[in-house]
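Notes follow the structure.
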There are 2 protein chains.
Amino acid sequence: MKAITQLKNQGFRITLPRQEILNTLENYPLTVREISHTLKTKNILVDLTSVYRSLELFKQMGIVQEIDLGDGMKRYELIRQDKHHHHFVCNNCGTIKDISSKIEKKMMKDIQSKTKFLIQDHSLEMFGLCQKCN
Amino acid sequence: MKAITQLKNQGFRITLPRQEILNTLENYPLTVREISHTLKTKNILVDLTSVYRSLELFKQMGIVQEIDLGDGMKRYELIRQDKHHHHFVCNNCGTIKDISSKIEKKMMKDIQSKTKFLIQDHSLEMFGLCQKCN
DNA sequence: TTGAATGCAAAGCTTTTGCAATTCA
DNA sequence: TGAATTGCAAAAGCTTTGCATTCAA
């Protein structure tokens, strides 16, 4: 279901800030500042606070996902239909690429049966050099 | 090589704060506040700033490793000899357990050959319920 | 019209920086 | 002794909160 529809269906208002924030997230994960800056270049001024609040709402609605690359800022990306994936960050140019792996599920099952922990979620981030920078 | 020896060999001073900070890290990853608080219960008062600075030094010397569980605070743990591992965090009681997996290396190789990215490092954190809480 | 959403200012946290005082070697 | 290390105060950076104003429905 499209994010906007989802908002409407759940009784939330379709505001310009919300629509535009969602638009910025089309391509790759962004920080709050990056979202705000992107909007500024389109002459759409949205306060940082509102960006934070919108993202919090989107997160709770399952529209958006928070990712942490360990650099002190959270990043946000749209959740595409059940396409669980991870990220590769280039240490040189900073580009973020989506990564998905088939072995992953097996790995989680393995760990779960070995440890008897119930794994509800996990995050996997990779760092290195992208094809261009290598 | 023991951390203290390593410090001495590299010309750094063996101070009480440094020794005691290292001691707190024996068991599991701690935040800066947790380190400071642990020391306080032992009547050892070390300023937060000094904890930060010691950890930064230890990190650069390869004695300590920074981990990010996405809750806004960095955690620090001793690096044991080439025992690369990851973490499982219980969503209920907060316990952090070390996890290591054999499949992991294969997974990285797989991704590397598929994407042509050079993977230099990665982080994997798992969240769920531990045996006790499940 | 009216409650939801936004903007602005201020505060809350973690982490960093500057500098004088202290301390290890 | 003297440079390295620490502590204290202040600042920096990300995020949250309070409240009056604005706006979608």
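By convention in this document, chain letters (A, B, ...) are assigned in the order of the sequence lines, proteins followed by strands, and residues within each chain are numbered from 1.
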Could you check how far [atom1] of [X] sits from [atom2] of [N], rounded to whole Å?
| X | N | atom1 | atom2 | answer |
| --- | --- | --- | --- | --- |
| B:Ile21 | D:dT6 | CD1 | C1' | 10 Å |
| A:Leu16 | D:dC23 | CG | P | 11 Å |
| A:Gln19 | D:dA25 | CD | C1' | 14 Å |
| A:Arg53 | D:dC14 | CZ | P | 18 Å |
| B:Lys74 | D:dC14 | NZ | P | 12 Å |
| B:Leu7 | C:dC24 | CG | C1' | 13 Å |
| B:Ile44 | D:dT6 | CD1 | C1' | 15 Å |
| B:Leu48 | C:dT16 | CG | P | 12 Å |

Side chain of [X] only, heavy atoms from C-beta on: which candidate in [options] is closest?
| X | options | value |
| --- | --- | --- |
| B:Thr15 | C:dT6, D:dT16, C:dC24 | C:dC24 |
| B:Thr49 | C:dT14, C:dT17, C:dC8 | C:dT17 |
| B:Val32 | C:dT15, D:dT5, C:dT17 | C:dT15 |
| B:Arg18 | D:dT5, C:dC8, C:dC19 | D:dT5 |
| B:Arg13 | C:dT17, C:dC8, C:dA25 | C:dA25 |
| B:Ile14 | C:dG7, C:dT6, C:dA25 | C:dA25 |

Taking [X] first and then [Y], would you say they form a salt bridge - that is, a charged N and a carboxylate O separated by under 4.0 Å?
| X | Y | result |
| --- | --- | --- |
| B:Glu56 | B:Arg53 | no |
| B:Glu20 | B:Lys42 | yes |
| B:Lys106 | B:Asp110 | yes |

Assign each of B:Met73 and B:Pro17 to its nearest nucleotide of DNA chain C by heavy atoms, then name whichever residue's nucleotide is nearer the 5' end.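 This one resolves to B:Met73.
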On the nucleotide C:dT15, are OP1 or OP2 found under 4.0 Å from the side-chain N or O atoms that B:Tyr52 carries?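 Checking C:dT15 against B:Tyr52, a side-chain N or O does come within under 4.0 Å of OP1 or OP2.
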Regarding B:His86 and B:His122, do their side chains bring together a donor and an acceptor under 3.5 Å, going by distance alone?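 Yes - a donor-acceptor pair under 3.5 Å links their side chains.
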Atom pair CZ/CZ of A:Phe127 and A:Phe88 - distance to nearest 0.5 Å: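 With rounding to 0.5 Å, CZ (A:Phe127) is 9.5 Å from CZ (A:Phe88).
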